[in-house]
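Notes follow the structure.
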Amino acid sequence: MTVRYCPFMGHYYRFKRGDPVVILSGRYEGRLGAVDSAVFQRTVDFPDEFAPGYHLVLEDEAVVTVRWDQVDSRSGRILP
C-alpha cells in the first residue's frame with residue numbers, strides 16, 4: 001500500500017471547533033455537522049492519503065473525518 005502526502009494546505013485551517021459545516025462530497029455528502037478538531041490524517045473517503053481535514057460531529061452524533069476541501073460553511077447554503 002502506498003500512502004500519499006497532500007501538501008496543499010498550510011497550518012491555518014478555515015474552520016474552528018464548534019463551527020457549523022456541511023459536507024460537500026463523499027460518503028457523507030449533504031450531512032450537517034460541527035467541527036470538533038482540525039487534523040492531519042487519513043480520512044473516510046481517502047484512506048490511502050494523509051491530508052489536512054477535520055473531525056466532524058454529525059447531527060446524529062456520529063464522528064467522521066473529512067478532508068478540508070470536502071466541507072463548507074452552513075451559512076447561506078441551501079441543501080436539497
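What you see below is based on every heavy atom in this structure, not just the backbone, and it leaves out hydrogens, waters and symmetry mates.
Asp45 is listed as a side-chain neighbour of Gln70, based on a closest heavy-atom distance under 4.5 Å.
Among residues two or more places apart in sequence or in another chain, the side-chain contact (heavy atoms from CB on, under 4.5 Å) test is passed with Ala34 by none. Residues satisfying the side-chain contact (heavy atoms from CB on, under 4.5 Å) test with Gln41, not counting sequence neighbours, are Val39, His55, Thr65. In terms of the side-chain hydrogen bond (donor to acceptor under 3.5 Å, both in side chains) criterion, Asp19 has no residue partners (sequence neighbours excluded). For Arg17, the side-chain contact (heavy atoms from CB on, under 4.5 Å) test picks out Asp36, with sequence neighbours left out.
Using a 4.0 Å cut-off between a side-chain N of Lys or Arg and a carboxylate O of Asp or Glu, Arg14 and Asp72 qualify as a salt bridge.
In this structure, OH on Tyr13 lies 7.0 Å from CZ on Phe40, to the nearest 0.5 angstrom. The CZ atom of Phe50 sits 10.5 Å away from the OG1 atom of Thr43 when rounded to the nearest 0.5 Å.
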Would Val35 and Val21 satisfy side-chain contact (heavy atoms from CB on, under 4.5 Å), going step by step from the backbone distance to the final call?
CA-CA 7 Å; Val35 173; Val21 294; 4.0 Å; yes

Between Asp60 and Arg31, is the side-chain contact (heavy atoms from CB on, under 4.5 Å) condition met? List the steps.
CA-CA 10 Å; Asp60 63 359; Arg31 301 278 302 269; 2.9 Å; yes

Taking it one step at a time, do Val66 and Ile23 satisfy side-chain contact (heavy atoms from CB on, under 4.5 Å)?
CA-CA 8 Å; Val66 296; Ile23 300 174; 4.3 Å; yes

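Applying the ring pair (Phe, Tyr, Trp, His ring centres under 6.0 Å) rule to pairs touching residues 14-35 yields Phe15-Tyr54, sequence neighbours excluded.
Gly33 and Arg74 make their closest contact through O-NH2, 3.2 Å (heavy atoms, listed as atom of the first residue, atom of the second, distance).
Its side chain within the 4.5 Å cluster rule, Val57 clusters with Val63 among the Ile, Leu, Val, Met, Phe, Trp and Tyr residues.
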